[in-house]
Q: 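Structure in structure tokens, see below.
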Amino acid sequence: MAEQEQSHSELLALRRVKLEQLYENGVNPYPFFFDVTATSEKLKNSTGLIAQTPDTAERVSLAGRVMTRRIMGKAAFFNLQDSHGTIQVYIRRDDVGVENYNSVFKKMVDLGDIVGVRGFVFKTQTGELTVHAEHFELLSKALRPIPIAKETEENGIKVVHDAFSDKELRYRMRYVDLIVNPEVRETFRKRSMMVQEMRSFMLKAGYLEVETPILQPVYGGASAKPFVTHHNTLDMKLYLRVANELYLKRLIIGGYDGVFEFSKDFRNEGMSRFHNPEFTQVELYVAYKDYNWMMDFVERMLEQVAISLHGSTRVPVGEHIIDFKRPWPRIPMLEAIKNETGLDLSGMNLEQMQQAARGLGIQIDATMGKGKIIDEIFGEHVEHKLIQPTFITDYPIEMSPLAKKHRSKEDLVERFEAICNGKEIANAFSELNDPVDQRQRFEEQVRLREQGDEEAMALDEDFLRALEYGMPPTAGLGIGIDRLAMIMTNQESIRDVLFFPHMRPE
RNA sequence: GAAGGGGUAGCUCAGUCGGUAGAGCAGCGGCCUUUUAAGCCGUAGGUCGUGGGUUCGAGCCCCACCCCCUUCACCA
């Protein structure tokens with residue numbers, strides 16, 4: 001059926017014809033190898049290569065995609081795009097052979113084809129660095145046309161005409177998006193650098209990168225609805241992980257000082273510009289540390305990430321410049337609420353708190369405890385105002401069944417979130433390592449589940465058994481990689497930092 | 001899940017009061033040996049998201065559905 005559809009399009013049909021003609025002329029449109037010795041970037045950075053005379057010039061060979069073409073009869077210019085950028089190539093009939101120039105380059109090569117050239121570097125009359133091709137070779141014939149954008153400079157500002165901008169097409173065919181939109185390639189390169197920077201930061205600190213199960217018989221570590229699957233041979237239900245927390249803590253119990261994992265997690269919930277059904281988190285657990293220590297660690301790591309990506313701690317994000325320079329403010333949650341709303345919730349009983357929340361226009365129902373109300377007020381009136389990196393500390397115990405009770409504050413746990421650009425980017429706590437307390441917290445979750453809370457955690461007997469063998473005091477951290485990438489690359493939608501965001505089938 | 005916006009040529013977009021589909025780029029045929037949104041001459045290209053309806057006649061009006069985007073709700 002797809003074949004039939006194609007035959008209706010002249011553009012596609014024509015390329016098939018060209019393919020046949022290439023075979024008939026003895027030209028292999030899909031050869032096996034090309035000896036690449038240079039990249040567009042390398043040539044642009046080494047002006048010493050520019051030839052005084054062609055005879056003595058160094059020969060370079062490079063390969064890439066034909067992006068634009070200006071044919072002037074027996075000579076032509078085209079732009080060759082490799083993974084580093086674009087460079088202009090000058091090609092003449094008398095240099096590459098009449099047959100090659102006329103029958104292959106001019107007649108059979110289309111925009112989007114991948115070609116290889118060998119030649120020397122020179123500057124044109126208008127001063128553009130250009131490769132003068134002495135050898136030209138088709139390396140891969142494209143059977144579909146690429147959407148070509150053209151650029152002009154008006155008053156020194158680059159203007160792109162007819163850019164491939166349809167979001168649906170860009171997400172569904174990211175390969176095309178990457179070919180024609182260089183800034184997309186740059187965004188994902190930055191994302192990769194960001195992850196590498198975090199990885200090496202943790203490795204240098206002496207922590208072990210590990211892998212833990214994605215398919216889990218009991219899911220846990222976060223409040224979320226899971227994806228469910230089925231193992232045929234064992235005939236059992238399995239869940240795709242919503243977090244890897246409980247497995248990493250088992251490894252701390254096993255004796256490692258620090259473990260981390262960049263983890264694809266899966267949550268069966270709504271989609272939005274901040275949510276994709278599968279997303280990436282890094283989680284880190286470090287023995288003998290607490291959440292105060294972890295705040296230092298997060299500050300240092302993310303400051304380092306900002307510097308390595310932007311050469312500065314200052315990162316442009318939308319209308320703002322976000323400065324990751326440490327130290328970041330550390331504000332207890334109740335204090336942050338007080339600062340923003342003037343309300344001091346600390347001494348209030350449930351009834352007073354309900355009243356206060358209603359006064360702020362927050363919908364309250366009977367099932368909400370004090371912790372939930374505090375969380376609502378914070379989410380509604382404080383979080384979105386925190387643009388610069390800020391640690392919010394000491395969360396209500398109800399929302400944090402895996403965090404250790406605060407050493408001095410009642411009803412709170414030793415937990416912090418790092419908020420940035422109005423959104424959580426990190427979540428961490430002094431990990432609960434008291435197995436008796438942990439069992440009670442799980443049992444509370446089970447009660448919530450029985451009351452219909454679909455996101456309440458399941459009781460994990462094996463995890464409790466592990467805790468009973470003794471877990472050192474431990475600091476734990478989770479950082480949403482996609483959310484952080486959005487900030488570090490100045491993108492408004494999670495889809496723009498995921499190569500293949502989830503889409504309904506075409 | 002709800003509301004709003006959108007879907008017209010390969011790409012980016014026009015399309016008036018309902019009167020039988022348009023441009024630029026890409027393509028195709030020519031000319032052109034330092035061009036650069038190359039240029040000049042010529043030419044072809046459409047299931048107007050899908051399916052119904054109203055009408056003499058629908059890209060346009062009505063109904064249903066599909067897909068994308070944004071906002072809201074849950075969440076990282």
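Side-chain atoms are counted along with the backbone in the values below, which use heavy atoms only and exclude waters and symmetry mates. Throughout, protein chains are lettered first and strands after them, A, B, ... in sequence-line order, and every chain is numbered starting at 1.
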Q: Expressed in angstrom and rounded to an integer, what is the separation of A:Lys225 atom NZ from B:G1 atom P?
A: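 Answer to the nearest Å: 12 Å.
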Q: If you count heavy atoms of other groups shown closer than 6.0 angstrom to NZ of A:Lys385, is the number above 12?
A: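 Enclosed.
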Q: Which residues, if any, of residues 385-400 of chain A bring a heavy atom under 4.0 Å of RNA chain B?
A: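 Nucleic-acid contacts, sorted: none.
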Q: Going by an N to O cut-off under 4.0 Å, is there a salt bridge joining A:Glu444 and A:Arg441?
A: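 No, A:Glu444 and A:Arg441 are not salt-bridged.
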Q: Looking at every strand, decide which applies to A:Gly73 at a 4.0 Å heavy-atom threshold: base, sugar-phosphate, or nothing.
A: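 If one applies the 4.0 Å heavy-atom cut-off, A:Gly73 turns out to touch a base.
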Q: What nucleotide, of B:A76, B:C69, B:C74, holds the atom closest to the side chain of A:Tyr171?
A: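 Nucleotide nearest to A:Tyr171's side chain: B:C69.
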Q: For A:Tyr101 and A:Lys74, work out which heavy atoms get closest and say how close.
A: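 The answer is OH-C, 3.2 Å.
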Q: Using the C1' atom on both, measure B:G49 against B:G59 and round to a whole Å.
A: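 Straight-line distance between the two C1' atoms is 12 Å.
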Q: Does a donor on one side chain sit under 3.5 Å from an acceptor on the other, for A:Arg70 and A:Asn79?
A: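 Checked: A:Arg70/A:Asn79 side chains pair up, N/O donor to acceptor below 3.5 Å.
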Q: Extract all donor-acceptor atom pairs below 3.5 Å that involve side chains of residues 156-163 of chain A and protein atoms in other chains or at least two apart in sequence.
A:
residue, atom, partner, partner atom, Å
A:His161, NE2, A:Thr152, OG1, 2.6

Q: Counting only side-chain heavy atoms from C-beta out, which of B:U33, B:C68, B:A76 sits nearest to A:Arg172?
A: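 Shortest atom-to-atom distance from the side chain points to B:C68.
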Q: Would you say whether A:Phe274 stacks on B:A76? The test is a distance between ring centres of less than 5.5 Å and an angle between planes of less than 30°.
A: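 According to the criterion (under 5.5 Å, under 30°), no, A:Phe274 does not stack.
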Q: Would you say the side-chain atoms of A:Asn276 and A:Arg495 include a donor-acceptor pair closer than 3.5 Å?
A: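 No - no donor-acceptor pair under 3.5 Å links their side chains.
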Q: Output the single nucleotide from B:A26, B:U71, B:C69 whose closest atom is nearest the side chain of A:Lys167.
A: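 Closest nucleotide to the A:Lys167 side chain: B:C69.
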Q: Which nucleotide in the set B:C32, B:C69, B:U33 lies at the smallest distance from any side-chain heavy atom of A:Met503?
A: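 Between B:C32, B:C69, B:U33, the one nearest the side chain of A:Met503 would be B:C69.
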Q: For the side chain of A:Gln88 and the base of B:U35, is some donor closer than 3.5 Å to an acceptor across the two?
A: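 Checked by distance alone, the answer is yes.
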Q: Nearest 0.5 Å, please: how far is CZ in A:Arg118 from CG in A:Leu62?
A: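 Output value for this atom pair is 10.5 Å.
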Q: Could you give the distance from CD1 (A:Ile337) to CD1 (A:Ile377), rounded to the nearest 0.5 Å?
A: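 So the gap between those two atoms works out to 5.5 Å.
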Q: Please list, by residue number, the residues of residues 129-138 of chain A whose heavy atoms come closer than 4.0 Å to an atom of RNA chain B; answer none if no residue qualifies.
A: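 Those residues: none at all.
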Q: B:C17 and B:G24: how far apart are their P atoms, nearest whole angstrom?
A: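 These two P atoms come out 25 Å apart once rounded.
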Q: With no hydrogens and no angle check, do the side chains of A:Ser223 and A:Glu455 hold a donor and an acceptor under 3.5 Å apart?
A: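 No donor-acceptor contact under 3.5 Å links the two side chains.
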Q: Would you classify A:Lys18 as touching base, sugar-phosphate or nothing, given that sugar-phosphate means primed atoms plus P, OP1 and OP2, and contacts are heavy atoms under 4.0 Å?
A: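 Result for A:Lys18 = sugar-phosphate.
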Q: Could you pick out which residue, A:Arg70 or A:Ser272, lies toward the 5' side of RNA chain B when each is mapped onto its nearest nucleotide?
A: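 The answer here is A:Arg70.
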Q: Going from CE on A:Met108 to CZ on A:Arg15, what distance comes out if it is rounded to the nearest 0.5 angstrom?
A: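 Result: 12.5 Å between the selected atoms.
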Q: Heavy atoms under 4.0 Å, any strand shown: does A:Arg69 hit a base, just sugar-phosphate, or nothing?
A: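 If one applies the 4.0 Å heavy-atom cut-off, A:Arg69 turns out to touch the sugar-phosphate alone, with no base involved.
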Q: Give RNA chain B the dot-bracket treatment, 5' to 3': Watson-Crick (N1-N3 with N6-O4 or O6-N4) or G-U (N1-O2, O6-N3) under 3.5 Å, [ ] crossing, | other strand.
A: (((((((..((((.....[..)))).(((((.......))))).....(((((..]....))))))))))))....
Q: Quick check for you: among B:U34, B:C68, B:C28, whose closest atom lies nearest to any side-chain atom of A:Leu14?
A: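 Per side-chain heavy atoms of A:Leu14, the pick is B:C28.
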Q: Going by atom types alone, do A:Asp82 and A:Ser40 pair a side-chain donor with an acceptor below 3.5 Å?
A: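 Yes, A:Ser40 and A:Asp82 have a side-chain donor paired with an acceptor closer than 3.5 Å.
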Q: Quick one: do A:Leu402 and A:Leu246 satisfy side chain to side chain contact (heavy atoms under 4.5 Å, CB included)? Show the steps, please.
A: CA-CA 9 Å; A:Leu402 301 168; A:Leu246 301 184; 3.9 Å; yes
Q: Can you list, by residue number, the residues of residues 98-111 of chain A that have a non-hydrogen atom closer than 4.0 angstrom to RNA chain B?
A: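 Within this stretch, A:Lys107, A:Asp110, A:Leu111 sit under 4.0 Å of the strand.
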Q: For a quick check of understanding: with a heavy-atom distance under 4.0 Å over all strands, which category does A:Arg92 fall into, base, sugar-phosphate or nothing?
A: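 Counting heavy atoms under 4.0 Å across all strands, the contact made by A:Arg92 includes a base.
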Q: With heavy-atom distances below 4.5 Å as the criterion, would you say the side chains of A:Arg174 and A:Pro501 are in contact?
A: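 A side-chain contact under 4.5 Å exists here.
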Q: Salt bridge check: are A:Glu209 and A:Arg199 linked by an N-O gap of less than 4.0 Å?
A: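 Here A:Glu209 pairs with A:Arg199 in a salt bridge, since their nearest N and O are under 4.0 Å apart.
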Q: Can a salt bridge be assigned to the pair A:Arg273 and A:Asp496 using a cut-off of 4.0 Å between side-chain N and carboxylate O?
A: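 Not counted as a salt bridge, because no side-chain N and carboxylate O are separated by less than 4.0 Å.
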Q: Pick base, sugar-phosphate or nothing for A:Arg170, based on heavy-atom distances below 4.0 Å to the nucleic acid.
A: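 Here A:Arg170 touches no strand at all.
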Q: Could you state the CE-C1' distance from A:Met486 to B:A76, rounded to the nearest angstrom?
A: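 Those two atoms, CE and C1', are 11 Å apart.
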Q: Between the protein and nucleotides 10-13 of chain B, which nitrogen or oxygen pairs are less than 3.5 angstrom apart?
A:
residue, atom, partner, partner atom, Å
B:C11, O2', A:Asp162, O, 3.4
B:U12, OP1, A:Ser165, N, 3.4
B:U12, OP1, A:Asp166, N, 3.0

